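This report refers to the structure that appears directly beneath it.
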Amino acid sequence: MYEICPETPADTPEVEALYDLCFAPGRTALSSYRLRDGVPRVADLCLVLRSDAVLTAAIRFWPVRIGDYPVLLLGPIAVHPTAQGEGLGGLLMRDSLTRATKMGFERVLLVGDAPYYSRFGFQRLDDVMMPPPTNPDRVLGLELRPGAWVGVTGDVERAPEQPSSLPPVPDRDDCVVIAHPKEDKDDAANASGSSADL
């Protein structure tokens, strides 16, 4: 059995260590991180997955804007190397997108491999530009509401900075317990490595 919970401040050191393990050194120098500096995460959508209390996977979301449109920037998502290929990346992805829809978000953006993320409904966004040197073929979007990406074009920009304060602590009552998903061979290659741009 797995438990998925919102990330709390107590989880953060473990989550950062997982990202350091799964992604190349210098991951914070990627262009997507410039959109996150000084901007609080969307706390209720930043999730950790544990098995027997051991952190196995994590996903984060950040607010960004394209013109006047609010957008969720997904990433990073990572699965511990010893658990890749078990469908855990897909489990976190689906759970977080369900939560985002319930919270009223309309559109999600990520930078990653289209063949992997297309199974979740992500498609290439031809008229949306991430900061360089992002490969345009890897800029993908998902509509949480039909038509949410229609007319949304231009540069992805940082969300307005919030007043300096501690981020809200997510409610642990939002945890869910899930049985082991069926094995997903694609996760072995893609759950973390292909999302390194995130």
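The analysis underlying the following values was restricted to heavy atoms, covering all of them including side chains, and did not include hydrogens, waters or symmetry mates. In this text, all values refer to a predicted model and were calculated from it rather than measured experimentally.
- Atom OG1 in Thr98 sits 11.5 Å away from atom CE in Met93 (nearest 0.5 Å).
- How far CD1 of Ile178 is from CZ of Arg94: 10.5 Å, rounded to the nearest 0.5 Å.
- Without hydrogens or angle criteria, Gln84 side chain to Val79 main chain gives a donor-acceptor distance under 3.5 Å.
- Ion pair Asp11/Arg50 flagged as a salt bridge, since at least one NZ, NE, NH1 or NH2 atom sits closer than 4.0 Å to an Asp/Glu carboxylate oxygen.
- Rounding to the nearest 0.5 angstrom, the gap separating the OH atom in Tyr69 from the CD atom in Glu157 is 14.0 Å.
- Looking at every heavy atom in both residues, Tyr117 comes nearest to Leu110 through CD2-CD2, 3.7 Å.
- Side-chain atoms of Leu47 and Phe61, non-hydrogen and from C-beta on, never get closer than 4.5 Å to each other.
- Looking only at side-chain heavy atoms (C-beta outward), Ser118 and Gln123 stay at 4.5 Å or farther from each other.
- A pairwise comparison of heavy atoms in Leu72 and Ala100 identifies CD1-CB, 3.8 Å as the closest pair.
- Using a 4.5 Å heavy-atom cutoff, the side chains of Leu55 and His80 are not in contact.
- Residues Leu144 and Trp149 fail the side-chain proximity criterion, which asks for heavy atoms closer than 4.5 Å.
- Thr153 is not listed as a side-chain neighbour of Met129, based on a closest heavy-atom distance of 4.5 Å or more.
- Between the OG atom of Ser32 and the CH2 atom of Trp62 there is a distance of 10.0 Å, given to the nearest 0.5 Å.
- By the 30° and 60° cut-offs, the orientation of the rings of Phe120 relative to Tyr116 is perpendicular.
- Minimum heavy-atom separation, Ala83 to Leu88: CB-CD1, 3.8 Å.
- Using a 4.5 Å heavy-atom cutoff, the side chains of Tyr2 and Val177 are not in contact.
- A 4.5 Å side-chain heavy-atom check between Val42 and Pro63 finds at least one atom pair inside the cut-off.
- Counting only heavy atoms from C-beta outward, the side chains of Pro136 and Met130 never approach each other to under 4.5 Å.
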Stepwise, does the side-chain contact (heavy atoms from CB on, under 4.5 Å) test hold for Glu3 with Leu49?
-> CA-CA 6 Å; Glu3 183 179 49; Leu49 184 148; over 6 Å; no
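- If you chain together hydrophobic residues whose side chains sit under 4.5 Å apart, Leu45 and Val176 fall into the same group.
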Do Arg41 and Thr12 pass the side-chain contact (heavy atoms from CB on, under 4.5 Å) test, and can you show the C-alpha distance, the side-chain angles, and the key distance before you say yes or no?
-> CA-CA 12 Å; Arg41 299 187 296 263; Thr12 298; 3.8 Å; yes
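- Of all heavy-atom pairs between Leu74 and Arg36, the closest is O-NH2, 4.5 Å.
- Formation of a donor-acceptor pair under 3.5 Å by the Arg107 side chain with backbone atoms of Ala148 is found in this model.
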Yes or no on side-chain contact (heavy atoms from CB on, under 4.5 Å) for Val156 and Leu35, after CA distance, side-chain angles and deciding distance?
-> CA-CA 8 Å; Val156 181; Leu35 299 169; 3.7 Å; yes
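- Closest approach of Val15 and Ala58 over heavy atoms only: CG1-CB, 3.9 Å.
- A salt bridge links Asp113 to Arg138: at least one charged side-chain nitrogen sits closer than 4.0 Å to a carboxylate oxygen.
- In terms of heavy atoms, Arg99 sits closest to Asp44 at CD-O, 4.3 Å.
- Formation of a donor-acceptor pair under 3.5 Å by the Tyr19 side chain with backbone atoms of Pro76 is found in this model.
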Evaluate the side-chain contact (heavy atoms from CB on, under 4.5 Å) criterion for residues Val71 and Val108: first the C-alpha distance (whole Å), next the side-chain angles of each, then the deciding distance (0.1 Å), finally the verdict.
-> CA-CA 6 Å; Val71 178; Val108 182; over 6 Å; no
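- Between the side chain of Thr56 and the main chain of Val54, a donor-acceptor pair closer than 3.5 Å is present.
- To the nearest 0.5 angstrom, Arg65 atom CZ is 13.5 Å from Arg158 atom CZ.
- A distance-only check finds a donor-acceptor pair linking the side chain of Ser96 to the backbone of Leu92 [under 3.5 Å].
- Taken together through direct or relayed side-chain contacts under 4.5 Å among Ile, Leu, Val, Met, Phe, Trp and Tyr, Leu21 and Val48 form parts of separate hydrophobic clusters.
- To the nearest 0.5 angstrom, Glu86 atom CD is 11.0 Å from Leu91 atom CG.
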